[in-house]
Amino acid sequence: MLRGSLSPISSSVWGYGFLCVTVISLCSLLGAGVVPFMKKACYKRLLLFFIALAIGTLYSNALFQLIPEAFGFNPQEASYISTSTVVFGGFYLFFFTEKVLKMLLKQKHEHGHSHYTADVSKRDAEEGVTEKLQNGDLDHIIPPPGGSESDLRQHLGDEKVVVGSLAVQDLPGQQSSCYWLKGIRYSDIGTLAWMITLSDGLHNFIDGLAIGASFTVSVFQGVSTSIAILCEEFPHELGDFVILLNAGMSIPQALFFNFLSACCCYLGLAFGILAGSHFSSNWIFGLAGGMFLYIALADMFPEMNEVSKEDEEGGHPLIAFFIQNAGLLTGFSIMLMLTMFSGQISLG
């Protein structure tokens with residue numbers, strides 16, 4: 001449906017839009033800066049907070065802004081904010097209850113079966129050795145003639161280093177005049193890396209589409225949507241960067257292709273602004289709202305549970321629980337405040 005007037009697009013829409021997309025795209029370059037800290041406990045907990053923050057902002061942005069805008073609701077005129085708050089409350093109530101029950105049941109289980117731990121571990125070890133003997137895998141458990149147990153450990157360690165070095169370091173380099181394209185030959189990079197790059201480019205295009213359509217409604221709503229996407233992109237880009245490295249890319253290659261896919265957001269921004277200015281943008285908000293819900297609940301929620309396993313299995317489940325709650329409630333509060341006071345704040 002064509003809009004009533006085809007008035008020229010305000011320069012502030014393009015200016016704020018390109019500024020927000022540039023800030024979001026720069027998140028793709030932060031991966032190299034956190035590589036030295038990836039094995040530290042503080043990195044895992046900081047990542048856990050950002051993932052929970054992303055879930056809270058994406059889910060709340062879909063509830064408070066994108067989906068209502070798709071149905072034509074105005075937060076200043078319609079009273080849907082309280083209903084959307086109840087929807088988030090139902091989600092958070094079940095999240096809170098499930099986490100508390102899991103912690104209580106795990107403590108009870110550990111208390112009731114702690115005296116079986118030694119016997120079970122010993123039996124598992126014996127069964128593992130027996131299985132290897134049955135399968136004929138003797139080279140990894142029987143030391144070489146004249147060798148000791150320490151020689152066996154050294155042998156296994158050397159073998160692991162050789163395999164790891166062949167996967168990433170000892171492969172022939174790709175000859176290229178561009179520094180960012182040098183590194184592993186493209187034929188030696190896993191297919192997963194290219195699938196991640198392509199899917200991330202499509203994902204960023206739809207992000208830009210949502211940002212552009214939001215800016216055609218108001219600059220403030222565009223900034224709100226950009227904040228939600230920024231909170232999601234930071235942990236998402238870090239995860240993609242690690243996947244690209246594990247798939248065989250060098251650090252410069254991973255940075256280059258990660259940034260290249262992030263730049264697809266500019267294409268989505270331009271298309272979203274043009275389409276939203278001349279046509280009804282309800283379908284764009286509906287598409288973005290569904291995508292935000294899927295990313296938050298089906299993609300990032302399992303990732304949050306996976307990252308929190310280290311603290312939960314290491315005897316610190318309350319730390320992970322508090323970090324998850326802090327991130328979820330912070331993201332929800334940000335989107336709620338932005339929606340409630342959108343009429344009182346003017347950005348141009």
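Worth knowing before you read on, the calculation uses all heavy atoms, side chains too, and leaves out hydrogens, waters and symmetry mates. Numbers here simply count residues along the sequence, with the first being 1.
Taking every heavy atom of both residues into account, Thr225 and Ser214 meet most closely at OG1-OG, 3.0 Å. Nearest heavy-atom pair, Ser60 versus Phe332, reported as atom, atom and distance to 0.1 Å: OG-CA, 3.3 Å. When every heavy atom of Asn282 is checked against every heavy atom of Ala70, the shortest pair comes out as ND2-O, 3.1 Å. In this structure, Gly17 and Phe215 approach most closely via the heavy-atom pair CA-CE1, 3.6 Å. Smallest separation of non-hydrogen atoms from Ser12 and Val219: OG-CG2, 4.1 Å. Counting all heavy atoms, side chain and backbone alike, Phe64 lies closest to Ser84 at CE2-CB, 3.4 Å.
In this structure, Leu297 is not a member of the same hydrophobic cluster as Val86, with clusters built from ILVMFWY side-chain heavy atoms closer than 4.5 Å. Hydrophobic clustering places Ile323 together with Phe96 (ILVMFWY residues linked when any side-chain heavy atoms are closer than 4.5 Å, directly or through intermediates). A chain of hydrophobic side-chain contacts below 4.5 Å, direct or via other Ile, Leu, Val, Met, Phe, Trp or Tyr residues, connects Met337 to Tyr92. Hydrophobic clustering (side-chain heavy atoms under 4.5 Å, transitive across Ile, Leu, Val, Met, Phe, Trp, Tyr) groups Tyr16 together with Val23. Hydrophobic clustering keeps Leu328 apart from Leu101 (ILVMFWY residues linked when any side-chain heavy atoms are closer than 4.5 Å, directly or through intermediates).
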**OP:** Take Gln221 and Phe285, measure what side-chain contact (heavy atoms from CB on, under 4.5 Å) needs, and give me the verdict at the end.
**Re:** CA-CA 12 Å; Gln221 181 160 337; Phe285 291 120; 3.8 Å; yes
**OP:** Decide side-chain contact (heavy atoms from CB on, under 4.5 Å) for Glu69 and Leu66; before the verdict, give the C-alpha distance in whole Å, the side-chain angles of both, and the deciding distance to 0.1 Å.
**Re:** CA-CA 5 Å; Glu69 188 66 37; Leu66 295 179; 5.8 Å; no
**OP:** Please report the C-alpha distance between Phe321 and Asp311 in whole Å, then the side-chain angles of each, then the deciding distance to 0.1 Å, and finally whether the side-chain contact (heavy atoms from CB on, under 4.5 Å) criterion is met.
**Re:** CA-CA 9 Å; Phe321 180 64; Asp311 276 328; over 6 Å; no
Subject >> Derivation of the side chain to side chain donor-acceptor pair (under 3.5 Å) call for Glu232 and Thr57 >> reply: CA-CA 8 Å; Glu232 176 260 335; Thr57 52; over 6 Å; no
Original post:
Which is it for Thr197 and Leu260 under the side-chain contact (heavy atoms from CB on, under 4.5 Å) test, yes or no, and what are the steps along the way?
Top reply: CA-CA 8 Å; Thr197 303; Leu260 187 64; 5.9 Å; no
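Taking CD1 from Ile55 and CE from Met300, the interatomic distance works out to 6.5 Å, rounded to the nearest 0.5 Å. Note that CE of Met335 is 5.0 Å distant from CG of Leu338, once rounded to the nearest 0.5 Å. Rounding to the nearest 0.5 Å places CG of Asp200 at 14.0 Å from CZ of Phe205. The distance from atom CE of Met291 to atom CG of Asp207, rounded to the nearest 0.5 Å, is 4.0 Å. To the nearest 0.5 Å, atoms CZ (Phe50) and OG1 (Thr330) are separated by 10.5 Å. Interatomic distance, Trp14 CH2 to Ile273 CD1, rounded to the nearest 0.5 Å: 4.5 Å.
For the pair Glu306 and Lys309, the salt-bridge criterion is met [side-chain N within less than 4.0 Å of a carboxylate O].
Ile229 pairs with exactly one of Ile24, Asn204, Val21 by the side chain to side chain contact (heavy atoms under 4.5 Å, CB included) rule, that one being Ile24.
Between Tyr59 and Val87, the closest side-chain pair of non-hydrogen atoms falls below 4.5 Å. A 4.5 Å side-chain heavy-atom check between Glu310 and Arg45 finds every atom pair outside the cut-off. The side-chain heavy atoms of Leu202 and Leu198, taken from C-beta on, include no pair separated by under 4.5 Å. For the pair Asn305/Lys99, a side-chain contact is recorded, criterion being any heavy-atom separation below 4.5 Å from C-beta on. Phe73 is not listed as a side-chain neighbour of Ile67, based on a closest heavy-atom distance of 4.5 Å or more.
Note: Phe301 and Phe95 have perpendicular aromatic rings, judged against thresholds of 30 and 60 degrees for the angle between ring planes.
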